Amino acid sequence: SVVVVGSVNLDAITVCERFPQPGETVTGVSVAFGQGGKGANQARSAARSGAATVFVGAVGEDDAAGTVLDSLASAGVDVSRVARTPGSTGFANVTVDGSGENHIVVVPGANAAVRVDDAARAAIADADVLLLQLEIPLPAVVDAARAAREAGTVVLLNPSPVQPLPDELVELLDGVIVNRDEEKALAEVVGRVPHVVTTLGGDGARATGPDGTVDAPGFAVDVVDTTGAGDAFAGALAAHWDLPPAERLRRANAAGALTATAAGAAAAPTADEVNAFLAN
Ligand code: ADP
């Protein structure tokens, strides 16, 4: 089973032919709401990959809270450990123009209040794998990692958005999941973590661990939107951490590739969809 301690947002995506100038109003073409936040996206992918998955995070006291929690629950994620805090649920306001360029405003809201309490610690201790990102306060990330280490739960970190990592956190990590940019920015840290999984976009992924290096080629798909592919990959990887490295990477690559074939960040495939894709 997997525990994700991380962020959850309501995403609002509006499409307009051209961006408004300051003080100007333009008429848009479409609007859609979706669930975002790296924590929630990765939890959704882990659950859809077939792992019993608990999400630990925080939402506000607003209508958005119910929307994002219903969305996670319908993907099979256990949301009973999500805290309600005063103020707003995390929110991302995305505007896309006719050329595909975007403007994004992210309001962290409740994500800035995520804490690891006793209930969260118990969930972490019960799980096989803890999956972390960096969209919540660093002290919560460190507390979660420490609770996992004490209980023998595997600690995986997707260090995104990339930032310097304190030594006390690095020492608690069993593995990192990095894209090429994150690997470069954290080269010194990456060299000290037992398992390093590097995602290579359309080229797939590479895993380096105590037993050597495994390269898993990417899958050729008709790409619609790669947003969320990295999150789908991370969630699937955590869900399949018990499989041999080559098979773990193959399934995570398939989840990433399938996510890139659909619009939106929350498009992670189910285990059945991945099985059908791999059988072809
Ligand atoms: P990020 O989006 O976090 O920068 P990547 O671009 O490396 O991460 O993508 C994460 C994973 O998603 C890749 O390892 C791969 O499995 C899958 N993926 C991403 N882009 C493509 C693509 N164009 N074709 C096939 N798979 C892709």
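Worth saying up front: this structure is predicted, and the values here are computed from it rather than measured. In each ligand, atom 1 is the first atom listed, and ligand 1 is the first ligand listed.
Ring orientation note: the planes of His195 and Trp241 are nearly perpendicular, at an angle over 60° on the 30°/60° scale.
A donor-acceptor pair under 3.5 Å is absent between the side-chain atoms of Ser71 and the main chain of Thr67, judged by distance alone.
Put simply, CG on Leu138 and CD1 on Ile136 are 9.0 Å apart, with the number rounded to the nearest 0.5 Å. Between atom CZ of residue Arg250 and atom CG of residue Asn253 there is a gap of 10.0 Å, rounded to the nearest 0.5 Å. Distance check, rounded to the nearest 0.5 Å: OG1 of Thr199 to CZ of Arg180 gives 8.0 Å. In this structure, OG1 in Thr53 is found 12.0 Å from CZ in Arg44, a value given to the nearest 0.5 Å.
Residue Thr199 has at least one nitrogen or oxygen atom sitting less than 3.5 Å from a nitrogen or oxygen atom of ligand 1, judged on distance alone. Taking any N or O of Ala252, backbone or side chain, none lies under 3.5 Å from an N or O belonging to ligand 1.
Taking a cutoff of 4.0 Å between a charged side-chain nitrogen and a carboxylate oxygen, Glu168 and Arg146 qualify as a salt bridge.
The shortest side-chain heavy-atom distance between Arg48 and Glu273 falls under the 4.5 Å cut-off. Here the side chains of Val274 and Leu258 are in contact, with some heavy-atom distance below 4.5 Å.
For atom 1 (P) of ligand 1, the nearest non-hydrogen atom of the protein is Asn179 ND2, 3.9 Å. Among all non-hydrogen protein atoms, the one lying nearest atom 16 (O) of ligand 1 is Asn253 OD1, 2.7 Å. Distance from atom 23 (N) of ligand 1 to its nearest protein heavy atom, with residue and atom name: Val223 CG2, 3.4 Å. Residue, atom and distance of the protein heavy atom nearest to atom 15 (C) of ligand 1 are Gly201 O, 3.3 Å. Atom 25 (C) of ligand 1 has Phe219 O, 3.1 Å as its closest protein atom, hydrogens excluded (heavy atom only). From the protein, the heavy atom lying nearest to atom 2 (O) of ligand 1 is Gly230 N, 3.9 Å. Here the heavy atom of the protein found nearest to atom 22 (C) of ligand 1 is Gly202 CA, 3.5 Å.
Selection from Gly204, Gly256, Ala220, Ala205 by nearest heavy atom to atom 14 (O) of ligand 1 gives Gly204.
Residue contacts with ligand 1 do not include Gly218, since none of its heavy atoms lies under 4.0 Å from the ligand.
Within ligand 1, counting atoms from 1 as listed, the ones closer than 4.0 Å to a heavy atom of Leu200 are 7 (O), 14 (O). Remark: ligand 1 atoms within the under-4.0 Å shell around heavy atoms of Phe233 are 14 (O), 16 (O).
Contacts with ligand 1 closer than 4.0 Å are made by no heavy atom of Asp231, backbone or side chain.
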